[in-house]
Amino acid sequence: MNDYVNITIDDRKIKARAGEKLLWVALDNDIYIPHLCAVREKERSNASCRLCFVEIEGMARPVTSCTQVVREEMVVRTRSTRIDRLVKTAFELLLSDHNLSCRECPANGNCELQKIAKERGLKLRQKRFKAIERDHTVDDSPDEFAFDPSRCVLCGRCIWADREEAGVGAIGFANRGINSVITTFEGVSLAESICTQCKLCVEACPVGAFYYKKDKKA
Amino acid sequence: MSADSPMDNYEKLFEVAKQNEEARREKPRILLGTASCGVAAGALQVKEFFLKEIESHGLDAEVVEVGCIGHCYAEPLAIIAKPGFPAITYGNLDEGLVHLLVEDFLAGEDPCYEYALAAVDRNDVFPTFEDFPRGIYENKLILEQCGYIDPESIDSYIEKDGYRALAKALSDEPARTLDEVKASNLRGRGGAGFPTGRKWETSLKAGGDEKYVICNADEGDPGAFMDRSILESDPHQVIEGMVLCAYAIGATEGYLYIRAEYPRAVKRVREALEQAREKGVLGSSILGTEFNFDLQVFQGAGAFVCGEETALLSSIEGRRGVPRYRPPFPAVEGLWGKPTVINNVKTFSYVPHIINRGADWFKSIGTPESPGTAVFSLVGKVVNTGLVEVPMGTTLRELIFEVGGGLPDGKEFKAVQIGGPSGGCLPESALDVPIDFDSLHEAGAIMGSGGLVVMDEDDCMVSVAHYFLEFTQQESCGKCTFCRLGTKHMLDILTDITRGHGDEERLTLLEELAEDVRDGSLCNLGRTAPNPVLTTLKYFRDEYKAHIEEGRCPARACRDLVLFYIEPSRCSKLCNVCVGSCPTEAIYTRDDGLKAIDQEKCVKCDNCRKACPPEYNAVIKLSPPVLPPEKEKKRT
């Protein structure tokens, strides 16, 4: 088996390491594909944010690039009417459940959602879906950081950092469906949990749900 | 273990079973339907009545708890088998009828034919179920023994040639079993219709010496109860199918994943597993060979999504029951990363029959692309609710109007919902679609696992879409964006429409979003969740329009879009029934002595309409909720 495969993304010929996922190949070659939940080191992606859709010649349906392994001669399109429509809807759905007080957000200017909006020409203030009303409380019990669930997009990157990088396992998904949250065991505050306050979750968070208290604005 | 061949060992089991069962038949037996459908209708109480009557008459008769024969509309139901008489089925049993049957038939000589439903076997005296109109259409393969054999006795199954297919398979190479299943063109009965043989072959070829066989009995569609009935009525049939699969692919361990809401199924399967081990058809050295395979029950904890195979695996592994992306498919990387065959209860049930009677026999039933039969739980607005098994290719019209006996109360057919929350609603114009995997898919519905709900003119299709979407929205695991948030927004729009707050723009949004949720979701729960919405929009768009444009619910079912009104020309001064039926004292007597409803107080409970005597029928529902001019005066 060859170590490299030749693929085409948006008419560009690219040499990619065999076995690599399409998303990382594209990003490494400065081709942007929106993504929130993917973690490069994670062998099996969550594939839950549904933003990294691409079209591949010979495949009937759009596929998520975080799950698709590159193959020799693969021809990929990162943009098309179908892809743009799916990405727009997924993005707007996420925003309908996201606290949009960007000016007060520590991630303002460094937020993946803002980046997606910019790259794909999408509006943060979407009008199609009514904002979902929720009653969230911020957990500011750790010394240096805090967690604001109203900004959380449930990508799960913090959980990966907590379990795999830090080896702690203080946080995880809880509840189901629309009530899904990221929380500690039995829902205690982070300070009361087994959290070691290593802050890897803060580094992992793409949207400022986990943030440093010193960065808090207003 | 003995050096006898598997078939020799089997014949010994068979002889014992035959003797035991024949001995049981020497005295009168009452085979009482005690699957969950029977129990819900009061079968356990009926059992007490029988025991009491038998005792007080000093009789020697056995009451056997059997499963479901499929005629659920007549539950509680029992077959009385008295030597010298044809075995007869009696329905709608109560204390009085039990008393009569014991006194006149068991103690006497009169089979009380006037109360009989049908005979079990052909005879000169009384018609059988096969003589019913539905008998022409029904062809029972996997339901054949359901309700007739004792599910708690393995002998009862063996006596009907149970486990003979296993002995036959074990007498030959595993590849023969696989070849037969492949040649039969059996397709998975869980809903998607994937070729079973191909799935097995994939697992076989995936390599490794650790493999699993799992039976998916996490049946959760509203209105569907096929799998439950089979597990409660004929558990060994499923077990034998699983052992055959294990032999074909080389698995040593397996699970029956049964939802915990099915306690009777769990109990009967556990007992069946115990008996199968005792008889040597499960466990180590099966039928004296070197083949080992054991099974255990795993109870699902209530999440609908765990019927999705990757979520099911996650749940057995002790993790959150959420799906993961495929491929890799479980047949290659399944439980604990090992190749795993996951099939539905019905799929496994066909396997012993295919091995016994051959692939060609199986292919002679049904259609070339979808051979065999289809099992449906027929519910909703249909006369003969119950469990039916018809050859693939039967039309929906035949199924509903011939097998099901049509709609009750002379109501008009409106739609049939196939495939539960993942399926679709098909209108009158689609009734001649043949029932098979591909035709139903083309029509916009899916075969699903067999839930079939008939709807009439009183069912609002927007409400129906709302009902099913509410179900999937609540059962969404929340992992992926489209399903978690998309179904929520879809439901909100539907709720608005049923309340008369919809508009054209949001209807378009509903349709677009439904398409995106279908195309973008991670697993098949999300991908199929929009089907009820998409099919009702396709076939019943005028009902959506009526809600939006006129504030009118054509079926007069949406509470916010109807009002209750007493038609003065029909109301009688001599009657007061409606007044007493109203829980909110909204009905008053007008100056002229007729009744009227204070709309401010009315909670639209429908009591008065039901209470109003049929000779008047004065209470009517109006939609849109506007009172006829000048007819009802406000109370002064």
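Numbered from 1 within each chain, the chains take letters A, B, ... in sequence-line order. All values below were derived from every heavy atom in this structure, side-chain atoms included, with hydrogens, water molecules and symmetry-related copies excluded.
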Which atom pair, heavy atoms only, marks the closest approach of B/Cys477 to A/Ser180? O-OG, 3.5 Å
At a heavy-atom separation under 4.5 Å, does B/Glu512 approach chain A through its side chain, its backbone, both, or neither? both
Which heavy-atom pair separates B/Asp519 from A/Leu86 by the least distance, and what is that distance? CB-CD2, 4.1 Å
Inspect the surroundings of CZ in A/Arg17 and state if more than 12 heavy atoms from other residues, nucleotides or ligands are less than 6.0 Å away. no
Charged N to carboxylate O below 4.0 Å: is that the case for B/Asp516 and A/Arg85? yes
For A/Asn46 versus B/Lys479, what's the shortest heavy-atom pair and its separation? O-CE, 3.2 Å
In plain terms, say whether B/Glu333 and A/Arg44 are close enough for a salt bridge, that is, a side-chain N and a carboxylate O under 4.0 Å apart. yes
Taking atom CZ as the centre, does A/Arg79 end up with more than 12 heavy-atom neighbours from other residues, nucleotides or ligands that are less than 6.0 angstrom away? yes
Non-hydrogen atoms of B/Tyr325 and A/Ala47 that approach each other most closely: CD2-CB, 3.9 Å
Option in A/Pro62, A/Cys37, A/Ser45 with maximal non-hydrogen atom pairs under 4.5 Å from chain B: A/Ser45
Within the supplied structure, the quantity of interest is the number of heavy atoms (other residues, nucleotides, ligands) at a distance under 6.0 Å from A/Glu186 CD; does it exceed 12? no
Between A/Ala174 and chain B, with a heavy-atom cut-off of 4.5 Å, which part of the residue counts as in contact: side chain, backbone, both or neither? backbone
B/Ser521 versus chain A, heavy atoms under 4.5 Å apart: side chain, backbone, both or neither? backbone
So which residue, B/Ser476, B/Pro323, B/Pro327, ends up with the most heavy-atom pairs under 4.5 Å with chain A? B/Ser476
For the student: nearest non-hydrogen atoms of A/Lys130 and B/His489, plus distance: O-CE1, 3.0 Å
Rounded distance [0.5 Å steps], CE in B/Met490 versus CZ in A/Phe129: 10.5 Å
Is it true that atom CG of B/Asp503 has more than 12 heavy atoms of other residues, nucleotides or ligands lying nearer than 6.0 Å? yes
By a 4.5 Å heavy-atom criterion (distance strictly below it), what part of B/Arg320 contacts chain A: side chain, backbone, both, or neither? side chain
Find the distance between CG (A/Leu94) and OG1 (B/Thr481) and round it off to the nearest 0.5 Å. 4.0 Å
Given that the side chain runs from C-beta out, which part of B/Phe482 has a heavy atom under 4.5 Å from chain A: side chain, backbone, both or neither? both
Tell me if the OH atom of A/Tyr32 is crowded by more than 12 foreign heavy atoms within 6.0 Å. yes
Between B/Leu509 and chain A, with a heavy-atom cut-off of 4.5 Å, which part of the residue counts as in contact: side chain, backbone, both or neither? side chain
Given that the side chain runs from C-beta out, which part of A/Val87 has a heavy atom under 4.5 Å from chain B: side chain, backbone, both or neither? neither
Distance, nearest 0.5 Å, that separates SG of B/Cys480 from CG of A/Leu154: 11.5 Å
Rounded to the nearest 0.5 Å, what separates atom OG1 in B/Thr508 from atom CZ in A/Arg128? 11.0 Å
Heavy-atom proximity to chain B below 4.5 Å, by part of A/Asn175: backbone
First locate atom SG of B/Cys483, then atom CG of A/Leu93, and finally report the distance between them rounded to the nearest 0.5 Å. 11.0 Å
Using side-chain contact (heavy atoms from CB on, under 4.5 Å), reason through A/Phe173 and B/Val322 one step at a time and then give a plain yes or no. CA-CA 11 Å; A/Phe173 288 108; B/Val322 294; over 6 Å; no
At a heavy-atom separation under 4.5 Å, does A/Leu51 approach chain B through its side chain, its backbone, both, or neither? neither
Contact check, side chains of B/Gln474 and A/Arg176, non-hydrogen atoms, under 4.5 Å: no
Around A/Glu164, counting heavy atoms of other residues, nucleotides and ligands shown, do more than 12 lie under 6.0 Å from its CD? yes
